[in-house]
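Here's the structure we're looking at; comments come further down.
The figures that follow rest on heavy atoms only: side chains count, while hydrogens, waters and symmetry mates do not. Chain identifiers are assigned alphabetically (A, B, ...) following the order of the sequence lines, protein sequences preceding nucleic acid strands; residue numbering begins at 1 within each chain. Quick caveat: nothing in here was measured; it's all calculated off a predicted structure.
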Amino acid sequence: MNDIIVKTVARILIPFIQLYGIFIMLHGHVSPGGGFAGGAMIGTSFVLYTLVFGIDKSKKKFSERVSEYAESGGILLYIALGLIGIIMAGSFLTNIDAGFPKGTPGSMFSGGMIPLLMIGIGIKVASTFITLFHTLIEEEEA
Amino acid sequence: MVWLNALIVVFLIVCAIAVERTKDLVSAVVILSAYTLMMSVLWLMLHTPDVALTEAAIGAGVTCILFLAVISRTERYE
């Protein structure tokens with residue numbers, strides 16, 4: 001696609017989509033949304049980048065190597081937080097009893113480790129969507 | 001607000017029948033996207049904004065794009 005209007009609008013719009021996705025991801029415990037919805041929004045912004053600027057440029061931004069590290073890192077962050085719960089308090093994903101700070105209710109820094117869990121889920125979901133789309137588009141050319 | 005819910009449900013039924021009747025797969029995907037967007041409005045009316053947000057992002061965004069990518073690899077008309 002070689003249209004200057006589409007390219008300009010996408011270049012302006014993509015950072016705001018990603019910012020909104022991160023906002024939804026981090027506020028999963030105090031407002032609607034969460035890791036899955038936020039991660040899907042970030043993945044969709046990369047899909048928009050691929051549609052506008054082509055698969056080659058998108059591969060440079062988000063290569064398969066980065067995708068491998070992001071998927072494994074997201075789920076490993078989740079498992080590590082669960083294991084902290086086992087070590088400190090005895091059961092998987094123990095939150096406040098394992099020593100995570102409570103914070104003030106209603107603000108972003110509350111709910112112990114839930115925002116960290118949401119970051120892990122969001123990274124995994126986003127990279128999964130990007131990998132799915134890249135795989136489908138790539139096989140078309142081969 | 002009951003009549004608005006009923007209107008949305010009627011729209012959903014019409015969309016579902018239209019998806020089944022059409023022969024053009026691209027327009028079927030577009031109708032499915034409209035169905036999903038109305039579905040997320042219906043979730044919002046039923047006081048589940050969490051599901052509505054996920055439905056709008058996944059159903060209208062990702063599913064539509066993945067279906068279009070698959071159609072571009074196969075035939076457009078059934």
Residue A/F100 excluded, over 12 heavy atoms near CZ under 6.0 Å: yes
Enclosure of A/K61 NZ (heavy-atom neighbours >12, cutoff 6.0 Å): no
Transitive ILVMFWY cluster of A/M41, excluding itself - 4.5 Å side-chain cut-off: A/Y20, A/F23, A/I24, B/L53
Residue-level contacts of residues 32-40 of chain A with chain B, using a heavy-atom cutoff under 4.5 Å: A/P32, A/G33, A/F36, A/A37, A/A40
Those residues of residues 68-96 of chain A, ordered by number, that approach chain B below 4.5 Å (heavy atom to heavy atom): none
Sequence neighbours excluded - salt bridge (charged side-chain N to carboxylate O under 4.0 Å, His left out) pairs with any residue from residues 26-43 of chain A: none
Is it possible for you to say whether [X] and [Y] belong to one hydrophobic cluster, with membership spreading through side-chain heavy-atom contacts below 4.5 Å?
| X | Y | value |
| --- | --- | --- |
| B/L42 | B/W3 | yes |
| A/V66 | A/I123 | yes |
| B/V70 | B/V30 | no |
| B/I13 | B/V19 | no |
| A/F53 | A/L48 | yes |

Between CG on residue A/L136 and CD1 on residue B/I65, distance to nearest 0.5 Å: 11.5 Å
Part of B/I58 within contact of chain A (heavy atom distance under 4.5 Å): side chain
